[in-house]
There are 2 protein chains.
Amino acid sequence: MRGVSDVQTNRADTLPEGAKAQRVYLSLRDQITGGALSNGDSLPGEQRLAETFGVSRVTVRRALDALAGTGLIERRAGSGTTVRNGQGEDKPVAMNFTTLMPQLVEMGHSTTARLLSFSYGTAPDFVARAMGLAANDEVQIATRVRSADDTPFSHLTTYVPAAIARNYSEDDLASQPLFALLERSGVEIEEAHQSVSATLAGPEVADALGIAVGSALLSLRRVVRDINGNGVEYLSGLYRPDMFRLEMPLTRVGQGAARHWEPAIGQDGEGTA
Amino acid sequence: MRGVSDVQTNRADTLPEGAKAQRVYLSLRDQITGGALSNGDSLPGEQRLAETFGVSRVTVRRALDALAGTGLIERRAGSGTTVRNGQGEDKPVAMNFTTLMPQLVEMGHSTTARLLSFSYGTAPDFVARAMGLAANDEVQIATRVRSADDTPFSHLTTYVPAAIARNYSEDDLASQPLFALLERSGVEIEEAHQSVSATLAGPEVADALGIAVGSALLSLRRVVRDINGNGVEYLSGLYRPDMFRLEMPLTRVGQGAARHWEPAIGQDGEGTA
DNA sequence: AAAATCTGTATTATCTATAATACTAATTTA
DNA sequence: TAAATTAGTATTATAGATAATACAGATTTT
């Protein structure tokens, strides 16, 4: 009854039931995947963890059970618990600032898209406002999940004015980046505004991304306008932080008071190899 | 025993305790903020919601209590529950891409900093690796919390090589952006690499930011290097998504195959007024 | 070998989320 | 006005998460 869950490498569907155990689990998990706890590191003892989190040892135990189930930690009686962060950081998909719009083509990974829903309807309030549409304007609403090497990493919902959206098909959406489709449709893209934030995974998104409800997600909102200032795309994207990072290499240019930062294009901070 | 919690407008501290209530809360919240439920919309009755989610009415009630606490819904006996997606978005602190390094000076808000901890020690593995230091190199480790209008919104931990850090005092850290202190110390900053992701609030950070353990946080890692390629600062920043957004206005420049995106400097997408 | 530390396991008690039910008061609808 | 629907409130019961405690087995340290 938990949707699609028995996948090959679903290391994420083991959330403990209790609320406190959940927090301990999620907190430790993020410390590991986030780099605060590296591979060989040994965790504090269960008793100490219990004190740190202000819960009982049983609760800590549940969280550790879940973590051990995902393979993130290894426990040995007498010795202790050590981090088993499957070594090399797993190379999450990195979206560079400058290659941001072209939506992750050629990333070294083979990314695929799956269309979850597709419909036409009136634009929601906040979309209409952001894009500068009338309240009754019709838009195409599509939700897609993108995967890298068969692991889903992003949940994207796009709103495109119906007049523009008619220029491409449903199949196009599943196979090509929306960005390319827009330009193919003759839209002259001029400006975009992006806002990055964070949120928690709700049931639907969690299911689609193969993660636990309550996991942290990177949230990105994007409004794209053409040369006339008309909104042509509204994107609401949710990304798994363990699979996806937004990278921004910067260099400092100019002299004196005019000295400021600019994106370092053409060079990757970490390398995408 | 929950640390500082009775703040004026902390709407982020309302995650329900129970696991089922959490799911209902997150699901409804996402439907609202995601646009599936717009402003004036009225929700189904509590009894119906209970049936839909397969939980009891008490559980639904908890979720709704939390939603009402955040101001996302409004409940009236006899009438029902309506979505109050308070449109104006509450104007959180917005950090523009181009003004990113100067760390939020002149934001329209009065931001203050509080020094949580301050010490010298050997750099953690991941810091040493990222900055290109030897494993035993000494660094200054400082943790600060920044607040806007007395509401904390960011939790920053910085690592600076001891040799550089000796050039400024502990008091300097509490009053000035680290960035300014570095340049004052004669460091010639040349390059930075930032990585944005998301994570969950652990006990310490949650307490410092006045939010609930398990809340979503925007996570930013920054490595700054000087003209010789030596790492001079490593920053690990956690930001409350309800108080902080990373904004990126972009424009499309160039022609043909060379057409690409560049940050639109000097113009704010939302306005910082 | 002894001591200390750790996970593994078990037991019991308590607290709390959840469920089921009933009722009141406000509001809308017929 | 009467009926229906709704949120607000309260009560009771149950199940499950959590806490507190104790001890055994494994491992490391002294």
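Since this is a predicted model, take the numbers as computed values, not measurements. Proteins get letters first, then strands, A, B, ... in listed order; numbering begins at 1 in each.
- At the phosphate of dT7(C), neither OP1 nor OP2 sits under 4.0 Å from any side-chain N or O atom of Ser79(A).
- Closest of all the heavy-atom pairs between Ala216(B) and Pro241(B) is O-CD, 3.0 Å.
- The CG-P distance, from Leu49(B) to dT6(D), rounds to 10 Å in whole Å.
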Walk me through whether Leu218(B) and Val196(B) qualify under side chain to side chain contact (heavy atoms under 4.5 Å, CB included). CA-CA 7 Å; Leu218(B) 188 67; Val196(B) 180; 3.8 Å; yes
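- Between the C1' atom of dC6(C) and the CG atom of Leu64(A) lies a distance of 12 Å, rounded to the nearest Å.
- Leu43(B) has its CG atom 17 Å from the C1' atom of dT27(C), to the nearest Å.
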Cut-off 3.5 Å, no hydrogens considered: what does the side-chain donor-acceptor table look like for residues 133-140 of chain B, sequence neighbours left out?
{"residue": "Asp137(B)", "atom": "OD2", "partner": "Ala134(B)", "partner atom": "N", "Å": "3.0"}
{"residue": "Gln140(B)", "atom": "OE1", "partner": "Tyr168(B)", "partner atom": "OH", "Å": "3.0"}
{"residue": "Gln140(B)", "atom": "NE2", "partner": "Tyr120(B)", "partner atom": "OH", "Å": "3.3"}

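- The minimum heavy-atom distance linking Pro152(A) with Met243(A) is given by the pair O-CG, 4.3 Å.
- Dashed line: the shortest gap from a side-chain N or O of Arg61(B) to OP1 or OP2 of dA7(D) is not under 4.0 Å.
- With no hydrogens or angles considered, no side-chain donor-acceptor pair links Arg62(A) and Tyr25(A) at under 3.5 Å.
- Taking 4.0 angstrom as the limit, Arg76(B) places none of its side-chain polar atoms (N or O) nearer than this to OP1 or OP2 of dA26(C).
- Axis deviation across the helix from dA1(C)-dT30(D) to dA30(C)-dT1(D) amounts to 30°, comparing end segments of five pairs, rounded to 10 degrees.
- The separation between Arg75(A) atom CZ and dT9(C) atom P is 9 Å, rounded to whole Å.
- As rounded to whole Å, 13 Å separates atom P of dA19(D) from atom CZ of Phe53(A).
- Note on ring orientation: taking the six-membered ring where Trp is involved, the planes of Phe244(B) and Tyr239(B) are parallel (angle under 30°, cut-offs 30° and 60°).
- In terms of position on DNA chain D, the residue among Gly78(B) and Gly78(A) whose nearest nucleotide sits closer to the 5' end is Gly78(B).
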Protein within reach of the bases, or only the backbone? For nucleotides 12-24 of chain C, mark each nucleotide 5' to 3' as B, S or -, using heavy atoms under 4.0 Å. -----BBBB-B--
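- Side chain of Arg29(B) to backbone of Leu200(A): a donor-acceptor contact under 3.5 angstrom is found.
- To the nearest angstrom, C1' of dT5(D) lies 12 Å from CD of Glu46(B).
- Across all non-hydrogen atoms, the minimal contact from Leu209(B) to Leu238(B) is CD1-O, 4.2 Å.
- No side-chain N or O of Arg57(B) forms a donor-acceptor pair with one of Gln47(B) less than 3.5 Å apart.
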